Amino acid sequence: MDKALSSVGFFRLCNHGIEQRKIDACFLWNERLFTSRSTGDSESRSASSRGRGYSGVGKEQIRGQTCLKENFDIGNPNDDNCANVWPAERLFPGFRRFSEDFFKDCAKLTYQLLECLSLALGLSEGTSLGKYHADTLFNLSLIHYPSIPVEQRPSGTLTRNPPHSDFGTLTLLFQDEVGGLEIADPNSTSSSASATVERSGTFVHVDPEPGTIVVNVGYLLMKWTNGRWRNTVHKVSEPPRHTNRSSQSSKIDDGDSKNERDIPERYSTAYFSAPDPTTVVEAFQCCCNDEAPSKPINAGEYLRRKRAQMYTEN
Ligand SMILES: O=C(O)CCC(=O)C(=O)O
Ligand SMILES: [Fe+2]
């Protein structure tokens with residue numbers, strides 16, 4: 001893990017302990033939720049930077065670029081300060097129960113990973129990463145990238161989720177078989193500054209591999225490790241197989257797509273972990289050399305500012 005996170009900032013995780021039937025069920029709920037074109041009552045459709053409930057296509061922006069996705073976000077069921085927003089039970093019976101259970105499975109896996117990563121850094125028990133994540137202010141995001149009819153396809157490169165790097169500690173990503181996730185080659189630009197890589201980096205496809213979870217490092221974990229682990233820029237673009245599709249007779253079954261030249265819809269699920277809001281994130285001693293590390297930052301303030309930026313430009 002140390003090697004992967006130091007060089008690429010991403011790895012694929014297998015034998016992770018989350019049952020495949022639950023991952024399959026999560027994708028089924030994801031599909032049901034968005035193909036119904038209604039997540040229920042108006043309350044559950046109100047998008048907000050609180051990271052709860054439904055957020056529609058185009059609601060989120062990254063550096064002025066619109067995200068061509070809709071998502072349904074679920075926080076810790078025990079977080080009394082920010083309650084979850086559910087569609088009516090009669091519309092999606094069992095959805096809430098499933099999501100709360102899946103949330104816990106992902107939290108458990110996140111803690112296991114934090115323990116492994118703490119060992120990799122040689123942190124003592126008192127300073128292990130898990131200690132800064134007691135409030136479990138994590139976020140489960142069911143994401144849908146709708147199909148794009150060929151006649152509405154923008155000219156140039158299509159970006160469904162613009163280049164960005166994640167904010168928190170770790171992200172667990174489950175993707176369907178459609179593909180489209182790309183990560184920046186860390187050596188493709190002269191400067192490793194995120195803005196430069198987002199603008200002019202070379203990207204590499206991360207092909208979906210059934211049963212595996214893609215794991216990547218958020219900004220705050222990068223800060224903690226003083227840059228030892230990379231907060232790699234990534235994006236979601238047109239699926240690679242789509243490019244070959246017109247030359248192949250095989251048709252991908254892409255749900256709501258009418259024309260085989262349409263860009264197929266895609267589903268993914270992301271589980272974002274982040275430290276407790278009062279945490280002051282400062283470089284661990286074991287990751288520092290003679291150079292002064294960057295200034296400590298308050299996790300809660302940083303996360304609030306970054307999330308708000310995603311919504312204010314609408
Ligand atoms: O949908 C994906 O594959 C990636 C999503 C992502 O990078 C994000 O939401 O931060
Ligand atoms: Fe991301």
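In each ligand, atom 1 is the first atom listed, and ligand 1 is the first ligand listed. Keep in mind the model is a prediction, meaning the values are calculated, not measured.
- For Asn161 and His234, the side-chain atoms include no donor-acceptor pair closer than 3.5 Å.
- One side chain, Glu182 or Ser237, offers a donor N or O that lies under 3.5 Å from an acceptor on the other.
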The test is salt bridge (Lys or Arg N to Asp or Glu O under 4.0 Å); show your working for Asp79 and Arg52 and say whether it passes. CA-CA 11 Å; Asp79 177 8; Arg52 300 288 185 271; 3.2 Å; yes
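- Ser141 and Asp73 are linked by a side-chain donor-acceptor pair at a separation below 3.5 angstrom, with hydrogens and angles left out of the test.
- Side chains of His133 and Asp135: no donor on one and acceptor on the other come within 3.5 Å.
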Quick check for students: name every N or O atom pair between ligand 1 and the protein closer than 3.5 Å, with distances.
{"residue": "ligand 1", "atom": "1 (O)", "partner": "Tyr145", "partner atom": "OH", "Å": "2.6"}
{"residue": "ligand 1", "atom": "1 (O)", "partner": "Arg266", "partner atom": "NH1", "Å": "3.1"}
{"residue": "ligand 1", "atom": "1 (O)", "partner": "Ser268", "partner atom": "OG", "Å": "2.7"}
{"residue": "ligand 1", "atom": "3 (O)", "partner": "Arg266", "partner atom": "NH1", "Å": "3.0"}
{"residue": "ligand 1", "atom": "3 (O)", "partner": "Arg266", "partner atom": "NH2", "Å": "2.9"}
{"residue": "ligand 1", "atom": "7 (O)", "partner": "His164", "partner atom": "NE2", "Å": "3.1"}
{"residue": "ligand 1", "atom": "7 (O)", "partner": "His234", "partner atom": "NE2", "Å": "3.0"}
{"residue": "ligand 1", "atom": "10 (O)", "partner": "His164", "partner atom": "NE2", "Å": "3.0"}
{"residue": "ligand 1", "atom": "10 (O)", "partner": "Asp166", "partner atom": "OD1", "Å": "3.2"}

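- The existence of a salt bridge linking Lys104 and Glu100 is excluded, since no basic side-chain nitrogen approaches an acidic carboxylate oxygen closer than 4.0 Å.
- Neighbours of the Fe ion (ligand 2) restricted to protein N, O or S atoms under 2.8 Å: the count is 3.
- Tyr145 and Glu265 share no donor-acceptor pair across their side chains, judged by distance under 3.5 Å alone.
- Judged purely by atom type and a 3.5 angstrom limit, Asp276 has no side-chain atom pairing as donor or acceptor with the backbone of Thr279.
- With respect to the salt-bridge test (charged N to carboxylate O, under 4.0 angstrom), the residues Glu209 and Arg12 qualify.
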